[in-house]
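Worksheet for the structure shown next.
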Amino acid sequence: MWHALGKALASLPQNLVADLRPHTRPDDSASKRLRRSFLYHLFPLRVTERALAPTTTWALGIISLTLFLVLCGTGLVLALYYVPTPAEAYDSMLDIEHRVALGGLLRRLHRVAAHALVITAALHLLRVAMQAAYRHRELNWWLGLTLFAALLGLAFTGYLLPWDQTSYWAVRVVSTLLDHLPWLGQPLKLLLLGSDTLGDQALVRFYALHVALLPGGMLAVLALHLWRVRRDGGLSSSTPELVTQPAWPHLVDRVVGVMLATCLVLMVVSLTTALPLGPPADLLRPDNPEKAPWYFLGLQELVSYSATMGGVVVPVLVTLLLFALPLLDRDERDIGVWFGDTAEKRLFATLVLTSSLVVVLGSLVSTWPTLTQAQTNLSNTLKDLLNPASLCLVTTVIAGTLAGSRTCLPRSAMRVMLGVLGVSLLWFTLLGLWRGADWLLTWPWSGSSHGL
Amino acid sequence: MTPNLPQQPDPATEGALSRRALLERLTGVTALACGIGAVAATLRAAVPSKPDAENRRLYVGRAADFKMNTTTWLSEMELFILHTRAGLAALSARCTHLGCTVRRSRDGFRCPCHGASFDAEGHVLAGPARRTLPWYALSVTPTGDCWVNTEVEVTPGSYVAAVMLPEETP
């Protein structure tokens with residue numbers, strides 16, 4: 001018996017390695033290799049030519065996954081040194097930056113990967129929406145939206161942890177914003193801050209959210225998300241493809257290549273950019289202007305028109321639209337392609353361009369001194385209703401209705417709406433970058449640069 | 001005991017659950033109840049119990065410390081003390097839009113977070129704020145000490161006459 005146990009133990013490392021890498025016995029078919037090893041079990045046996053073409057998905061999902069894994073790894077080490085108390089958080093960040101071996105690089109890797117992940121995940125979402133790839137993939141679309149929401153939560157809690165100026169005032173603003181959210185606002189605020197005031201309790205809670213609850217939940221949903229891709233039979237398409245290639249080596253090589261390239265770019269950027277910490281939090285006085293990181297600047301610009309409209313109504317409606325997408329669009333044609341035909345493409349371009357122009361000009365005109373003067377005399381309800389945030393909303397709905405009535409396709413209406421919303425968000429982010437002292441419009445290069 | 005009789009549907013037990021099905025259902029319901037209870041208990045534990053009431057009656061200084069026609073910023077208390085011909089007043093320095101601390105500006109106050117601007121008495125001039133900066137109850141004791149109660153808001157414009165006592169002689 002002892003002999004058998006010893007033999008089993010001795011062969012354990014060998015078996016583990018064998019399970020992880022493909023068996024390379026010459027008589028094994030590719031499919032056998034795939035079934036036999038764990039790594040290759042993640043992939044289907046055969047994939048379509050379309051799935052292999054880089055322009056179909058731009059590998060945005062794989063890039064996002066790689067970034068997420070890098071964030072988990074670097075975050076784990078950062079969490080060992082970080083101290084989540086207002087008194088020590090900033091100092092522990094300085095320690096990581098200057099005293100921990102390779103700490104500065106780790107912090108920059110974490111930060112660069114986080115910024116990159118916000119972009120790639122948003123593009124991934126946009127790609128799926130624009131290709132109508134959510135059709136017959138309803139559950140996975142909702143799982144993906146949940147992942148994106150968790151990601152924004154991670155981005156938000158993440159930039160709070162250093163407890164510098166930007167962190168402190170951002171929490172203060174968001175916790176006050178919750179007052180504008182009906183019913184849910186107050187309990188959520190108490191749950192988030194752990195107290196009436198912003199202090200030790202709040203920082204510990206943000207830490208717990210950032211290192212345990214959100215990444216843990218995300219890992220679980222991510223596993224489901226990836227598993228569903230396999231279960232749903234790969235990419236969504238309305239034209240079944242018969243020509244397929246063995247996943248090994250075609251898909252596997254590409255995935256590994258993209259992952260390595262992502263890591264390489266990440267490393268180069270982290271080694272060549274400085275990304276210094278902001279000044280420590282001054283609880284008495286926000287900077288002038290006090291700006292959020294770039295990915296929340298659009299939202300900051302929106303709430304600077306109206307907290308209710310820009311901070312609650314617009315985000316809630318956009319979220320609802322995204323979740324309802326697969327329910328509203330039941331069209332079976334052209335799943336998995338960018339646009340139905342050139343006519344739809346032209347209509348999309350025309351509507352998105354004109355609507356974006358309306359939003360851009362509207363928000364610029366609203367900063368005109370005479371108009372701001374006139375706005376002062378309006379009632380509070382009218383102020384909440386007449387501003388660039390609601391203009392963006394109205395323009396989006398009109399453009400969507402026009403597209404829908406022109407083509408009789410809910411899908412093209414939704415594409416146009418997402419297009420207008422996307423361009424508007426970019427525009428509001430740009431406007432946010434142009435805000436200077438006293439939140440007045442200036443050139444971004446005149447004055448202190450914030451927001452990164 | 002009469003073994004091996006063909007099963008006759010008994011009218012008394014027809015449509016009723018078998019023992020196995022009943023036990024399975026009971027187990028399911030119990031597990032569900034336990035699960036809900038556990039989640040509820042966990043959430044309840046995450047909600048903090050009511051914190052101790054903060055002292056909201058603040059000593060802000062001697063009336064004589066606030067010069068005529070000045071606005072004094074008490075950074076720690078997030079207050080502005082106004083002293084005009086009409087008297088003394090205490091204004092909240094917390095922006096009514098999203099809670100940043102406002103700064104003094106040429107025409108009153110301005111918020112650096114979203115650009116809300118207020119006049120010298122805290123009325124909204126422009127920007128996203130919708131409410132006047134809160135005026136808190138200020139009282140001057142006969143000895144000239146000023147206290148502000150940040151729990152009690154008063155109508156904007158209600159100044160408290162600053163009775164100028166003869167300077168104390170040490």
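Quick note: numbers below take in every heavy atom, side chains included, and nothing from hydrogens, waters or symmetry partners. Since this is a predicted model, take the numbers as computed values, not measurements. Below, chains carry the letters A, B, ... as their sequence lines are ordered, and counting in each starts from 1.
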- Task: Against chain A, label Arg130(B) side chain, backbone, both or neither, depending on which of its atoms sit under 4.5 Å from a heavy atom there.
- Result: both

- Message: Under a 4.5 Å cutoff for heavy-atom pairs, which residue among Leu193(A), Leu283(A), Thr197(A), Asp384(A) has the most contacts with chain B?
- Response: Asp384(A)

- Message: Looking at Glu301(A) and Thr429(A), would you say the former's side chain and the latter's main chain have a donor-acceptor pair under 3.5 Å?
- Response: no

- Look at the side chain of His83(B) and the backbone N and O of Phe66(B), then say whether any donor-acceptor pair between them is shorter than 3.5 Å. yes

- Taking the six-membered ring for Trp and the full ring for Phe, Tyr or His, determine whether the centres of Tyr59(B) and Trp147(B) are under 6.0 Å apart. yes

- Query: Sulfur to sulfur, is the gap between Cys100(B) and Cys113(B) shorter than 2.5 Å?
  - Reply: yes

- Where on Thr308(A) is there a heavy atom nearer than 4.5 Å to chain B: the side chain, the backbone, both, or neither? neither

- Query: With sequence neighbours left out, which residue pairs that include part of residues 123-145 of chain B fulfil the ring-ring contact (aromatic ring centres under 6.0 Å, His included) condition?
  - Reply: Trp135(B)-Tyr159(B)

- Message: What part of Asp179(A) gets within 4.5 angstrom of chain B, counting heavy atoms only: side chain, backbone, both, or neither?
- Response: neither

- Item | Whether Arg103(B) side chain and Arg110(B) backbone form a donor-acceptor pair below 3.5 Å | no

- Item | Residue pair Trp427(A) / Ser363(A), side-chain donor-acceptor N/O under 3.5 Å | yes

- Query: Who in residues 204-216 of chain A is close to chain B, using a strict under-4.5 Å heavy-atom cut-off?
  - Reply: Arg205(A)

- Query: Is a donor on one side and an acceptor on the other found under 3.5 Å between the side chain of Thr395(A) and the backbone of Val359(A)?
  - Reply: no

- Message: Less than 4.5 Å to any heavy atom of chain A: does that hold for the side chain of Glu76(B), its backbone, both, or neither?
- Response: both

- Between Leu177(A), Val173(A), Asn387(A), Leu440(A), which residue shows the highest count of heavy-atom pairs closer than 4.5 Å to chain B? Val173(A)

- Item | Heavy-atom pairs under 4.5 Å with chain B, option from Ala307(A), Ser175(A), Ser304(A) with the top count | Ser304(A)

- What's the verdict on side-chain hydrogen bond (donor to acceptor under 3.5 Å, both in side chains) for Asp200(A) and Thr85(A), showing C-alpha distance, side-chain angles and the deciding distance? CA-CA 6 Å; Asp200(A) 305 22; Thr85(A) 60; over 6 Å; no

